[in-house]
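What you are looking at is a predicted structure, and each value in this text was computed from that prediction instead of being measured.
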Amino acid sequence: MTDEQAAPLVVRTTRLDLDSAAALVDLLPDTDPVAWLRRGEGVVGWGVAAQVRTRGARRFADADDWWSRLTARAVVRSDLAQPGTGLICFGTFAFADEPGDSHLVVPRVVVGRRGDDAWVTTASTTGLDLLDVAVARADPPQAPQGVRFADGALDGDTWMKAVADAVDRIVSGDLEKVVLARDLIATADEPVDVRWPLRRLTELYPTCWTFHVAGLFGATPELLVRRERGLVTSRVLAGTIRRTGDDGRDLALAATLARSSKDLAEHEYAVRSVADSLEPHCSSMNVPEAPFVLHLPNVMHLASDVAGVVHDAETVSSLQLVASLHPSAAVGGTPTDAAQDLITELEGMPRGRYAGPVGWMDASGDGEWGIALRSAEVSGATVRLFAGCGIVADSDPASELAETQAKFVPVRDALGG
């Protein structure tokens with residue numbers, strides 16, 4: 001059945017009397033949960049009212065076309081005008097053209113909160129079967145048991161050799177920067193309920209964007225793009241140092257990071273790639289001259305918030321902005337094509353949706369999209385964790401390996417490892 005033949009979605013958003021102390025993640029049942037949360041706010045959902053999978057070089061364009069057709073035919077009534085109300089979809093996209101599926105899904109039920117407002121949105125082909133949907137705390141998930149960790153595609157020594165090879169290529173002038181990632185495999189005694197690590201991540205990393213779509217979950221510190229009412233912002237992270245847990249020592253390390261020529265160069269590549277991609281869509285932009293140091297529980301990053309006023313919101317959705325931004329130098333490298341080729345050659349693994357865009361979008365095209373970092377993919381009792389580092393001419397393989405170990409910590413801790 002084509003989109004034109006299918007019955008249109010009937011979407012209804014109403015205000016919800018939600019206790020301010022209630023955590024949105026605690027409302028999620030174990031059936032088709034999706035989430036996008038930060039500092040107690042955001043949107044969660046469950047069930048499937050509509051969905052599409054795309055792949056290849058047209059994965060963003062095909063998904064955006066599908067969304068345009070779906071929203072054009074939907075019947076929507078909303079009592080609120082907050083971002084995340086009305087008809088919205090959640091999405092997760094493959095890092096590379098091949099391999100890997102990308103997903104857009106419209107949940108049957110979405111619950112959101114922003115400031116003092118809370119709401120529930122229902123979507124179906126009739127609008128009648130969800131009129132009396134109950135929003136209540138779900139049965140709690142069980143903690144994963146017997147979790148064991150093992151190397152993924154490359155062990156530590158082999159991965160350091162790949163980093164050294166990448167440095168040689170950079171020094172020889174083949175490229176300026178490349179981001180190399182590695183994976184770690186966690187295996188539990190029973191299938192893992194993704195709601196368990198989601199809860200832990202929202203508690204441990206409240207300033208990050210905690211997400212789950214189609215088996216991919218994590219807590220990303222990096223916002224690829226937010227488009228809201230004509231304004232666009234992007235938080236760029238590149239340059240990392242591990243925290244020690246000693247406040248005085250960490251302040252000194254933060255100062256070292258802010259002066260590091262290696263990390264500043266890596267950061268400049270990332271900011272430049274984002275600004276260059278957004279500039280054609282903006283009538284004005286603000287690109288910070290120098291980064292600030294973002295403090296997270298396990299690491300510190302050099303960070304810059306790029307902002308602009310979009311002039312083409314009527315014709316270009318946030319997902320189209322995502323397509324123009326991905327992959328930024330923060331997750332791929334510089335120049336893009338040379339970095340992509342080297343990633344394929346040296347990583348020895350398919351990234352799937354790791355470091356790809358993940359987030360949500362509404363019917364107007366506004367939305368929030370992060371980069372799927374500090375992330376993992378769950379399939380039954382197996383969880384595949386990912387971590388990556390930006391490699392430049394001054395990179396030291398042992399230091400980069402230590403950085404990946406630090407970046408595994410959020411998901412490892414969330415699984416109880």
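The closest side-chain donor-acceptor pair between Ser273 and Asp276, if any, does not fall under 3.5 angstrom. Counted by atom type alone, Trp369 and Ser318 present one or more donor-acceptor pairs between their side chains at under 3.5 Å. Using a 3.5 Å distance cut-off with no hydrogens or angles, the side chains of Thr244 and Asp246 do not pair a donor with an acceptor.
Between Asp97 and Arg59 a salt bridge is recorded (basic side-chain N to carboxylate O distance below 4.0 Å).
Applying the salt bridge (Lys or Arg N to Asp or Glu O under 4.0 Å) rule to pairs touching residues 309-329 yields nothing, sequence neighbours excluded. Pairs engaging residues 342-354 under the salt bridge (Lys or Arg N to Asp or Glu O under 4.0 Å) rule: Arg169-Glu345, Glu347-Arg351, Arg353-Glu377 [sequence neighbours left out]. Screening residues 143-152 for side-chain hydrogen bond (donor to acceptor under 3.5 Å, both in side chains), with sequence neighbours left out, gives Arg148-Asp189. Contacts classified as salt bridge (Lys or Arg N to Asp or Glu O under 4.0 Å) and involving residues 390-403 (residues at least two apart or in different chains) are given here: Lys262-Glu400, Glu403-Lys407. For residues 211-226, the salt bridge (Lys or Arg N to Asp or Glu O under 4.0 Å) pairs, not counting sequence neighbours, are Arg226-Glu368.
By the ring pair (Phe, Tyr, Trp, His ring centres under 6.0 Å) test, Phe386 pairs with Tyr354, sequence neighbours left out. Residues satisfying the salt bridge (Lys or Arg N to Asp or Glu O under 4.0 Å) criterion with Arg38, sequence neighbours excluded, are absent altogether. Partners of Asp183 by salt bridge (Lys or Arg N to Asp or Glu O under 4.0 Å), not counting sequence neighbours, listed by chain and number: Arg384. By the salt bridge (Lys or Arg N to Asp or Glu O under 4.0 Å) test, Glu176 pairs with Arg272, sequence neighbours left out. With sequence neighbours left out, the salt bridge (Lys or Arg N to Asp or Glu O under 4.0 Å) criterion links Asp263 to no other residue. In this structure Phe211 satisfies the ring pair (Phe, Tyr, Trp, His ring centres under 6.0 Å) test with no other residue, sequence neighbours excluded.
Taking each heavy atom of Ala339 and Leu175 in turn, the nearest pair found is CA-CD1, 3.8 Å. Of all heavy-atom pairs spanning Ile170 and Lys177, the tightest one is CD1-CA, 4.2 Å. In plain terms, the two heavy atoms of Leu154 and Trp159 that are nearest each other are CD1-CD1, 4.0 Å. Taking each heavy atom of Val34 and Val213 in turn, the nearest pair found is CG1-CA, 4.4 Å.
Thr220 places a side-chain N or O within 3.5 Å of a backbone atom of Ile371 that can act as its donor or acceptor partner. Under a 3.5 Å cut-off, the side chain of Thr187 and the backbone N or O of Thr382 do not form any donor-acceptor pair. Within the 3.5 Å criterion, the main-chain N or O of Leu325 finds no donor-acceptor partner in the side chain of Ser328. Of the possible donor and acceptor atoms, one in the side chain of His311 sits under 3.5 Å from a partner among the backbone N and O of Pro280. Between the side chain of Thr256 and the main chain of Ala252, a donor-acceptor pair closer than 3.5 Å is present.
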Take Asp26 and Arg199, measure what salt bridge (charged side-chain N to carboxylate O under 4.0 Å, His left out) needs, and give me the verdict at the end.
CA-CA 8 Å; Asp26 290 342; Arg199 288 183 176 198; 3.1 Å; yes
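Phe60 pairs with exactly one of Asp65, Thr54, Leu319 by the side-chain contact (heavy atoms from CB on, under 4.5 Å) rule, that one being Leu319.
The distance between the ring centers of Phe95 and His326 falls below 6.0 angstrom.
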For residues 301-310, tabulate all N or O donor-acceptor pairs below 3.5 Å that involve a side-chain atom, not counting sequence neighbours.
{"unit_1": "His301", "atom_1": "ND1", "unit_2": "Thr240", "atom_2": "OG1", "d": "2.9"}
{"unit_1": "His301", "atom_1": "NE2", "unit_2": "Arg374", "atom_2": "NH2", "d": "2.4"}
{"unit_1": "Ser304", "atom_1": "OG", "unit_2": "His267", "atom_2": "NE2", "d": "2.7"}
{"unit_1": "Asp305", "atom_1": "OD1", "unit_2": "Arg235", "atom_2": "NE", "d": "2.8"}
{"unit_1": "Asp305", "atom_1": "OD2", "unit_2": "Arg235", "atom_2": "NH2", "d": "3.0"}

